[in-house]
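A, B, ... follow the sequence lines: proteins, then strands. Residue 1 opens every chain.
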Number of protein chains: 2
Amino acid sequence: MSKENVHERLSAGAIQKVPEPTLRRLPWYLSNIKLRKLRGEQFVSSTQIAKEIDIDASQIAKDLSYVNITGRTRVGYDIDALIAVLENFLGFTSIHRAFLFGVGSLGGALLHDSGLRVFGLEVVAAFDVNPSLVGTTVNNIPIYHTDEFEQRMKEYDVCIGVLTVPIGIAQPVTDKMIAGGIRAVWNFTPFRIRVPRNIVVQNTSLYAHLALMFNRLNFNTDHP
Amino acid sequence: MSKENVHERLSAGAIQKVPEPTLRRLPWYLSNIKLRKLRGEQFVSSTQIAKEIDIDASQIAKDLSYVNITGRTRVGYDIDALIAVLENFLGFTSIHRAFLFGVGSLGGALLHDSGLRVFGLEVVAAFDVNPSLVGTTVNNIPIYHTDEFEQRMKEYDVCIGVLTVPIGIAQPVTDKMIAGGIRAVWNFTPFRIRVPRNIVVQNTSLYAHLALMFNRLNFNTDHP
């Protein structure tokens, strides 16, 4: 499809690229209504959600308009239906298979996090060059030598690469992943990787988040 | 100190609250210059950093102006000095002690990540109510019963709480942490916690990041 066609379909509203701030807020709504389900509630309105999570009700209604669900007047959204629709919309109900690159401290930790699978990400194999790791498993996930990546791509149906290598090799490993057919990189390194335009990058730098928190904490401490 | 005084000192430039976007970019510069050090380089200019990480050179120079370092004309910044100054500025060189709440899948995974210590965060103890966990250790970190939190606060010098509990108890555990003296919450749950104004919250929802990545990936797939 040409760029122009995509544009036409976008402006016609047939397909919408959801704004990133909306995508960031939807999981908050999901967790709020999951909590309501735990409390035994059956229906919820955007006004009720707004009261509990400190976001404007009109913003919530607007965000939820991207999702294919309609609330009933005076009753609100059916909680079970909204959970199902949101989980599906956010991609948590289909399994996305991933390879993890770099079984160091953080990479190894992520292999232990079975919770990712609940949210749609299944790490099916990991790669490293460390001879003491290659051939072993962590949390039942096999660790292969990095040289086997291209061969393993043919075996597994994988489109996501989790990047947890040292910064010195973050870019070459990314290049290798993409050459092998990876289409989205979940980058946990503090390194700003460069990729072709059609490749998705999601940066999650725990260390950048730490820096933010330390700075705010020091500022609050200096000026109580 | 009164609010007015803080304002005065701020506008006088004596103390600056660094803008969040700057704080988010500084770790990228740090990782770029660390890579340069690995390559044996000794000096770097903002123009050279800009070429490698796809951020405007003037933006980089402006961001670095918050940090107490001066580059030399035609030579640039001394790489060793810039690394030291940035690591200190970002808080990575002083150890911030933390408690972790909720040793489930993600919490347990984070306890395995010794890399956090390199960036200034040391998880000294964890809390859970699961009898099969209480009294054990993960990665040499002791796990106590949640009821022991207030007593342990007196033993350890801790100001940060890492929140990795199920969403159903995210808010009450946060309230308990703050009542016990925790001043910053690193919130890994997708739950939007509410805290008093003087408490720092850093949200790191891996699941929200997954949702973003899945959405972008599907969009790229549908419209190649």
### Message
Does the plane of the ring in B:Phe214 sit parallel, tilted or perpendicular to the ring in A:His96? Use 30° and 60° as the thresholds.
### Response
parallel

### Task
State the CG-CE distance between B:Asn203 and A:Met213, to the nearest 0.5 angstrom.
11.0 Å

### Side chain, backbone, both or neither of A:Leu38 within contact of chain B (heavy atoms, under 4.5 Å)
side chain

### Task
Please state whether the side chain, the backbone, both or neither of B:Ile160 comes within less than 4.5 Å of a heavy atom of chain A.
side chain

### Message
For B:Ile53, which atoms come within 4.5 Å of any heavy atom of chain A: side chain, backbone, both, or neither?
### Response
both

### Message
Just verifying a value: how many Å separate B:Asp54 CG and A:Arg192 CZ, rounded to the nearest 0.5 Å?
### Response
5.5 Å

### Query
About how many Å separate NE2 of B:His112 and CG of A:Asn139, when rounded to the nearest 0.5 Å?
9.5 Å

### Task
I would like to know whether A:Leu30 and B:Phe191 meet side-chain contact (heavy atoms from CB on, under 4.5 Å); could you show each step before the answer?
CA-CA 9 Å; A:Leu30 177 60; B:Phe191 192 85; over 6 Å; no

## Note on the structure
Rounded to the nearest 0.5 angstrom, the CG-CG distance for A:Leu121 and B:Leu206 is 10.0 Å

### Message
Evaluate A:Leu90 against B:Asn215 for side-chain contact (heavy atoms from CB on, under 4.5 Å), listing each step before the verdict.
### Response
CA-CA 7 Å; A:Leu90 292 171; B:Asn215 188 275; over 6 Å; no

### Task
Evaluate whether atom CD of A:Gln42 has more than 12 neighbouring non-hydrogen atoms of other residues, nucleotides or ligands under 6.0 angstrom away.
no

### Query
Who are the ring pair (Phe, Tyr, Trp, His ring centres under 6.0 Å) partners of A:Tyr207, not counting sequence neighbours?
B:Phe119

### Query
Side chain, backbone, both or neither: which part of B:Ser205 has an atom under 4.5 Å from a heavy atom of chain A?
neither

Can you give the donor-acceptor pairs under 3.5 Å from side chains of residues 163-177 of chain A to other protein atoms, not counting sequence neighbours?
from, atom 1, to, atom 2, distance (Å)
A:Thr164, OG1, A:Phe101, O, 3.0
A:Thr164, OG1, A:Gly102, O, 2.7
A:Gln171, OE1, A:Arg194, N, 2.9
A:Gln171, NE2, A:Asp175, OD1, 2.9
A:Gln171, NE2, A:Arg194, O, 2.9
A:Thr174, OG1, A:Ala170, O, 2.7

### Task
Tell me, out of B:Gly120, B:Gly107, B:Gly104, B:Gly108, who's got the most heavy-atom pairs with chain A below 4.5 Å.
B:Gly120

### Task
Might you work through the side-chain contact (heavy atoms from CB on, under 4.5 Å) test for B:Ser31 and A:Thr189, ending with a clear yes or no?
CA-CA 9 Å; B:Ser31 74; A:Thr189 80; over 6 Å; no

### Message
Restricting to non-hydrogen atoms, name the atom on A:Arg216 and the atom on B:Val18 that form the minimum distance, rounded to 0.1 Å.
### Response
NH2-O, 3.5 Å

### Task
Would you mind checking which part of A:Val185 comes under 4.5 Å of any heavy atom in chain B, side chain (CB onward), backbone (N, CA, C, O), both or neither?
backbone

### Part of A:Leu26 lying under 4.5 Å from any heavy atom of chain B
neither

### Message
Once rounded to the nearest 0.5 Å, what's the spacing between atom CG of B:Leu212 and atom OG1 of A:Thr22?
### Response
10.5 Å

## Note on the structure
Heavy-atom nearest pair, B:Leu217 first then A:Arg183, reads CD1-NH1, 3.7 Å

### Summary
Closest non-hydrogen atoms of B:Ser114 and A:Ser105, given as atom of the first, atom of the second and distance, are N-OG, 2.7 Å

#### Entry: Inter-residue atom distance A:Ser94.OG - B:Asn218.CG, 0.5 Å rounding
7.0 Å

